[in-house]
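Report on one structure; see the data block that follows.
Bear in mind that the values here come from a model prediction, so they are computed numbers and not experimental data.
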Amino acid sequence: MTGLVVIATPHIRYLAIIPEIVLLGGAVLLLAGGSLVERQLRARVATVATAAVSAAALGVSLWQWSDVTSHGAFTAVDHAVVVDGFSALVNVLVSCAMFLTALVADGYLRREGVEGPEMHVLAMVSASGAMIMASANDLIVVFLGLEILSIALYVLAAFNHRRAASGEAALKYFILGSFSSAVFVYGIALVYGATGTSNLAQIAGFLAKNVLAADGLLLAGMSLLVVGFAFKVAAVPFHMWTPDVYQGAPSPVTGFMAAVAKAGAFAAFLRVFISSFGLLRTDWQPIIYALAVVTLLVGAGLAVVQRDVKRMLAYSSINHAGFVLLGLEAATARGVSASLYYLFAYTFMVIGSFAVVTVLGRRGDAAHDIASYRGLARRQPALALAFAVLLLAQAGAPFTTGLWAKLQVVLAAVDHQVPLAVVAMVSAAVAAFFYLRVAVLMYTPVPAPGAAPGVESPAENAVALGAGARGAARTPASGEADLSTPGPGPGQVDAAPQLAHARAVWTGDVRNVAALDRLNAGLLLDRDPVTLALAGASVEQPAPPAGLGLGALGEGGETLAVADEVMATPVRVPPLSAVAIGLCLAVTVVLGFWPGPLTSFAHHATLLFVP
């Protein structure tokens with residue numbers, strides 16, 4: 001027959017996309033199974049199925065790694081997908097994050113009385129989008145993965161329909177995410193117009209063989225791509241959505257978003273700019289430099305003043321994004337390896353942290369004021385210890401993966417940008433404050449009922465001081481009258497020595513001690529209504545300030561009610577959540593003592609990186 005049109009289809013090597021197929025296939029089968037059964041599928045059944053699918057995805061990702069190390073990297077699907085050590089490492093990372101999120105979400109769903117597989121299905125779809133971004137060898141495929149990742153996250157952010165904040169968070173995320181996607185597509189169009197292709201390898205080849213007489217179109221396209229990626233990784237000034245979305249979304253979703261969305265977006269960011277635009281690094285490195293500086297400083301600075309733990313961790317994630325940008329700005333194999341290591345270590349730290357936050361959020365997922373964490377070590381010592389270790393790891397404490405992660409990206413930056421490395425270390429010092437503040441709060445006992453806030457308890461032994469000693473302890477300033485005690489009358493002598501409480505010499509005089517007391521009271525929130533409620537004091541319920549969308553006092557003035565609940569009963573730790581927290585702790589601490597395997601993993605992934 002004549003007149004037939006033969007459509008050429010590319011050869012597909014399914015090993016190249018099998019992790020994505022496993023996750024998407026598992027999501028479709030779980031959703032279909034849930035719709036075909038007579039009763040609503042139980043949350044525990046959906047959790048077990050999701051954990052099994054995630055474990056299968058992890059297995060095939062490791063198989064990919066083994067195949068790449070044995071036979072080398074390759075491209076597939078008409079060179080639109082690349083399989084190398086870089087993509088295999090990110091696939092392993094995303095599979096682990098999906099497995100841990102399924103365990104954490106199980107306790108949340110059962111506590112909130114939510115049945116059905118929807119949360120797990122959406123999470124698996126979103127995770128497959130992150131994998132697609134990591135394996136993409138074409139800008140169109142990058143955009144496809146970005147949208148699969150993002151659309152599922154928009155719905156997950158609004159999953160808790162009982163909380164107005166959840167819907168508000170999803171709306172903000174959707175509107176701003178839509179704008180960023182439009183900007184990203186516009187950037188793809190400009191790059192295509194300048195180079196005649198959207199394939200990453202062909203873009204690199206074009207730039208290697210041609211010198212553009214006018215490169216304005218290409219530079220504009222690269223700038224718009226930076227904006228799109230910066231929004232997804234929450235780099236300043238494209239971070240405005242992050243605190244509200246992190247606070248309003250369900251806590252397990254927030255942990256998943258912090259880990260998987262960053263991993264997928266940074267994987268594509270690194271691949272696109274280092275493999276395709278590596279020859280133009282002098283044009284885009286200053287932009288990444290500026291983004292890294294403001295992201296590091298703003299993330300650490302604004303986290304210090306947060307009262308909600310989820311908002312604090314949101315700004316903390318912004319600060320972590322700044323550290324990963326150090327590796328991108330270096331534009332070297334060492335920088336890529338350091339960024340991969342940082343993403344891997346951060347995934348376990350942040351999912352473990354949000355697992356603890358999920359458990360402590362209690363029913364309604366509202367108990368996230370840092371004052372409610374005071375005295376947690378006495379109420380629930382295991383949770384307090386786990387959270388303290390994970391927070392200190394994010395601060396870069398020794399013998400944790402956080403230290404090695406920060407060290408590697410800083411060393412990559414030191415090779416050619418010492419001022420940027422100095423800024424990173426300064427921001428790490430600032431960030432250590434808010435991590436340590438929460439850790440100290442958890443190990444600070446709640447004040448005794450009736451105790452004056454911020455006032456030091458009387459010393460056990462009083463010391464008799466004579467007039468000379470009293471004068472040394474408190475000498476009025478020149479012209480200042482000491483009206484605290486009446487002096488002796490005419491003809492009287494100051495016979496009996498006064499009793500003064502012993503203080504350490506370093507505390508200084510009474511005014512210094514009072515200033516220290518006030519400082520400690522502010523840092524430990526002694527006068528906070530939640531702290532006073534935890535102490536059993538009678539506190540009048542404050543009205544929530546007007547104009548706060550996601551208020552610091554909780555929705556509907558719930559703060560003091562939550563404090564009463566915190567003191568009434570210890571929180572129950574779901575077994576699967578405990579397993580997830582334990583796994584995150586094990587990876588963070590064991591690989592902190594023995595960093596070799598993860599360092600080697602990231603290094604070999606860089607060696608196998610195919611432009």
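- For Y186, the OH atom is loosely surrounded, since the number of other residues' heavy atoms within 6.0 Å does not exceed 12.
- T242 places no side-chain N or O within 3.5 Å of a backbone atom of A234 that could act as its donor or acceptor partner.
- The side-chain contact (heavy atoms from CB on, under 4.5 Å) search around S54 returns T50, M98, F99, not counting sequence neighbours.
- For Q285, there are no side chain to side chain donor-acceptor pair (under 3.5 Å) partners, not counting sequence neighbours.
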Let me check something: any side-chain donor-acceptor pairs from residues 141-152 under 3.5 Å, sequence neighbours excluded? List them with distances.
from, atom 1, to, atom 2, distance (Å)
E147, OE2, S181, OG, 2.7
S150, OG, L146, O, 2.8
S150, OG, K232, NZ, 2.7

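- Shown here are the side-chain contact (heavy atoms from CB on, under 4.5 Å) partners of L411, two or more places apart in sequence or in another chain: R334, L407.
- Panel note: side chain S166, backbone A157; a donor-acceptor pair is recorded below 3.5 Å.
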Passes side chain to side chain contact (heavy atoms under 4.5 Å, CB included), V245 versus M257? Steps please. CA-CA 10 Å; V245 173; M257 186 187 308; 3.8 Å; yes
Exercise answer: donor-acceptor pairs, residues 317-325 side-chain atoms, under 3.5 Å, sequence neighbours excluded:
from, atom 1, to, atom 2, distance (Å)
S317, OG, A314, O, 2.6
N319, ND2, L296, O, 2.9
H320, ND1, Y342, OH, 2.7
H320, NE2, S316, OG, 3.4
H320, NE2, Q394, OE1, 3.2
H320, NE2, Y435, OH, 3.2

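- A donor-acceptor contact shorter than 3.5 Å links the side chain of T606 to the backbone of A602.
- Contact annotation: the side chain of Y192 never approaches that of L139 to less than 4.5 Å [non-hydrogen atoms, C-beta and beyond].
- For the pair Q64 (side chain) and A16 (backbone), a donor-acceptor distance under 3.5 Å is present.
- Crowding of W404 atom CH2: a count of heavy atoms from other residues, nucleotides or ligands under 6.0 Å not exceeding 12.
- Shown here are the side-chain contact (heavy atoms from CB on, under 4.5 Å) partners of V350, two or more places apart in sequence or in another chain: A258, A259, Y346, F354.
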Between side-chain atoms of residues 202-228 and protein atoms elsewhere (two or more places apart, or another chain), which donor-acceptor pairs fall under 3.5 Å?
from, atom 1, to, atom 2, distance (Å)
Q202, OE1, T197, OG1, 2.8
N210, ND2, F206, O, 2.9
S223, OG, L219, O, 2.9

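- Not a single side-chain contact (heavy atoms from CB on, under 4.5 Å) links L29 to another residue, sequence neighbours left out.
- The salt bridge (Lys or Arg N to Asp or Glu O under 4.0 Å) pairs that include a residue from residues 59-74 are R13-D67, where partners are two or more places apart or lie in different chains.
- A donor-acceptor pair is defined here as one N or O able to donate and one able to accept, closer than 3.5 Å; such a pair exists between the side chain of N199 and the backbone of A201.
- Counting only residues at least two apart or on different chains, no salt bridge (Lys or Arg N to Asp or Glu O under 4.0 Å) pair has a member in residues 247-259.
- By the side chain to side chain donor-acceptor pair (under 3.5 Å) test, H603 is found to be paired with no residue, residues two or more places apart in sequence or in another chain being considered.
- Side chains of N137 and T75: no donor on one and acceptor on the other come within 3.5 Å.
- Identified under the ring pair (Phe, Tyr, Trp, His ring centres under 6.0 Å) test for residues 216-236, with sequence neighbours left out: F184-F229, F229-F269, F231-W241.
- Counting only distance, with no hydrogens or angles, the side chain of S180 and the backbone of G177 share a donor-acceptor pair below 3.5 Å.
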